Every structure is written in C-alpha cells, then in structure tokens.
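Each ligand, and each atom within it, is numbered from 1 in the order the structure gives. The shown structure was predicted, so the numbers you read here are calculated from the model rather than taken from an experiment.
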Amino acid sequence: MVRTVLILLGAPGAGKVTQATRLAESLRLPHVSTGDLFRTNLSQGTELGQKARTFMDAGKLVSDSLVIDMLFDRVGQPDCAGGYLLDGFPRTVAQAEALQQRFDGGEDRVVIDIQVPDELIVERIIGRQSCPKCSAIFHTSFNPPTSAGICNHCQTALTQRADDTAEVVGTRLAAYHEQTAPVAEYYRQQGGVCAVNGNQHPDKVFEACQVCVTEAAA
Ligand code: AP5
Ligand code: MG
Ligand code: ZN
C-alpha cells in the first residue's frame, strides 16, 4: 500500500497550520504538528513538555533527539499507517535524514514549501490568536473572529501563544533561516519541492497546495 507523507515546510507564521488543517481534511490524512505535540505535553505538565519549554519560549529549536523520538512515537500509531501530514517537521537536515531512514519505500513523499517574505511574518505572528479548545486559528486583522477575542466555532475565549511576541519572533526567524531553510535544499536534491506563494489569500494558497499534491501523484 502506498502511504502519502505530506511535508509542509515554511517559516514561522507562513501558514502551515492554516493549510495543514484544510489539506488533512481533504486528503483524509492525520495532521501531525510537532509544535502542537509539544504544546499538548506542556499543558499536561509532562517531563517532555518541561524539557521543550525553555527552547520554545526562547524561540529556539528543541533538540533533534527529543523531537525525533516524539514524532516517531506519534507516526507509529495506527491512524498513521495509511499516511500522514507533517507540519513543523522536519526542521533540521538531521531530522529529515532520520525520517528518510524510517521510510521503507512504500511512501509517496510530497514536500510543499510555503514561502512568505520575512517582513510579513512579524505582523502575522503578533496578531495570531488561537482557540485553546478546538485549535482554530484567527488573526486580529487578516482573519478576525466574528466577536473580538471569541472563537467562532465553540465560543471559547481566544489565547495568544507565549512565543508569539515581537522579541521571540526574531529568534524564531533566525532559527528558520539557519536550520530549516537547508531542509528545503535537502529535499530539492532528493527529488523535489513544490514551492507555493504564501503571500496571497489562504484559499489561493490552498489551491496551490492542492496542485502540488495532484502533480506529485501524476
Ligand atoms: P511551531 O508550533 O511549529 O511554530 P512555527 O513553525 O513557529 O510556526 P507557527 O505555528 O508559528 O506558524 P504556522 O506556519 O503554523 O502559521 P499559521 O497557519 O498559524 O513550533 C513552535 C516551537 O516548537 C518551535 O519554535 C520549536 O521550539 C518547537 N518545535 C516544533 N517543531 C520542532 C522541530 N521539528 N524541531 C525542533 N523544535 C521544534 O499562520 C500564522 C498567522 O497568520 C495566523 O494568525 C493566520 O490566521 C495568519 N495567516 C495564515 N495564512 C495567511 C494568509 N495566507 N494571509 C494572511 N494571514 C494568514
Ligand atoms: Mg503552526
Ligand atoms: Zn474554538
């Protein structure tokens, strides 16, 4: 059986979770976000969450071994047996190589790189609000909820992530350029990356991502 493994690359705030949610639904693939897995661990007070917290709050990448163990544990679960969608992993070449080694040849790998200029990232990050209950994402200017500060879907009060500040976003962007941009180059050499312009309406970004998936299957 061929398993689709869809990998979404992109800077912080590029729109990975925005697109991953839609793509996971349309392709019927489980959405696996390493950032969300860490945040769940944090809110549950696990040892892993405690270890990750210092890195995340500072905007730095969590060490490869912690991320890889957590990710492999997640994608080893039965719901991922038919494929999965990765959001926020791999973020270093070492993570990409570890994932590649885990594959057994039955994977149909699709890599999408959502590209957004740095100067637009800060505003996206600082205005982001998320729902702690249903995980819906909003933006104070670009995608405001119907009632300010309240989730459209479940009426819960929206919250802001601890790392979504003007100070931390600079470190996150630096980590992206130093450690994650080379991952796109790694995949370019390994058979290809589908680049998508992330600086357009989310519906248009979604259409472009769907074209990447269709072309990869052809
Ligand atoms: P993670 O949770 O992955 O954060 P990130 O990469 O910094 O990305 P974001 O979640 O901030 O952005 P996004 O691309 O999902 O954008 P979104 O769709 O929300 O990681 C957090 C931390 O965990 C890391 O810093 C690290 O410490 C650790 N970590 C996680 N994975 C790791 C790994 N593999 N290795 C090591 N450490 C790891 O969009 C952003 C905003 O823009 C939203 O408000 C949205 O509404 C808006 N928006 C989206 N699309 C558009 C559009 N087209 N036009 C206008 N606005 C838009
Ligand atoms: Mg995200
Ligand atoms: Zn909600």
Tell me the contacting part of V62 for ligand 1: side chain, backbone, both, or neither, using a 4.0 Å heavy-atom threshold, strictly below. both
Can you list the residues that meet the salt bridge (charged side-chain N to carboxylate O under 4.0 Å, His left out) rule with E123, with sequence neighbours excluded? none
Quick note on ligand 1: atoms under 4.0 Å from a heavy atom of G198 include exactly 53 (N)
Considering K204, M56, Q200, which one's heavy-atom position lies nearest to atom 22 (C) of ligand 1? M56
With a 4.0 Å heavy-atom cut-off (strictly under), which part of I125 contacts ligand 1: side chain, backbone, both or neither? side chain
Give the numbers and elements of all ligand 1 atoms closer than 4.0 Å to a heavy atom of T34. 30 (C), 31 (N), 32 (C), 34 (N)
Measure F138 to ligand 1 on non-hydrogen atoms and call it side chain, backbone, both or neither using the 4.0 Å cut-off. backbone
With a 4.0 Å cut-off on heavy atoms, is Q19 touching ligand 1? no
Counting only heavy atoms closer than 4.0 Å, does ligand 1 sit against the backbone of I137, its side chain, both, or neither? side chain
At what distance, to the nearest 0.5 angstrom, does CG of L86 lie from CD of Q95? 10.5 Å
Under 2.8 Å from the Zn ion (ligand 3), which protein N, O or S atoms do you find? Ignore water molecules. C131 SG, C134 SG, C151 SG, C154 SG
Nearest protein heavy-atom contact for atom 38 (C) of ligand 1: which residue, which atom, what distance? F38 CE1, 4.0 Å
Identify, for atom 9 (P) of ligand 1, the protein heavy atom at the shortest distance, and state residue, atom and that distance. R128 NH1, 3.3 Å
Quick one: does any side-chain atom of N152 pair with a main-chain N or O of P145 as donor and acceptor, under 3.5 Å? no
From the candidates R124, R91, Q179, the one that places a heavy atom nearest atom 3 (O) of ligand 1: R91
Numbered atoms and elements of ligand 1 in range of H139, under 4.0 angstrom, heavy atoms: 44 (O), 46 (O)
If you count the atoms of ligand 1 from 1 in the order shown, which ones are under 4.0 Å from a heavy atom of K60? 26 (C), 27 (O)
I'd like to check which ligand 1 atoms, numbered from 1 as shown, lie under 4.0 Å from a non-hydrogen atom of R39. 2 (O), 21 (C)
Polar-atom distance check: Q129 versus ligand 1, any N or O pair below 3.5 Å? no
What disulfide bond (SG atoms under 2.5 Å apart) pairs are there with at least one residue in residues 134-202, not counting sequence neighbours? C194-C212
Residue-level breakdown please: for A11 versus ligand 1, do any non-hydrogen atoms fall below 4.0 Å on the side chain, on the backbone, on both, or on neither? backbone
For T21, check side-chain hydrogen bond (donor to acceptor under 3.5 Å, both in side chains) against everything at least two apart and list the hits. none
Numbering the atoms of ligand 1 from 1, which are under 4.0 Å from a heavy atom of F142? 55 (C), 56 (N)
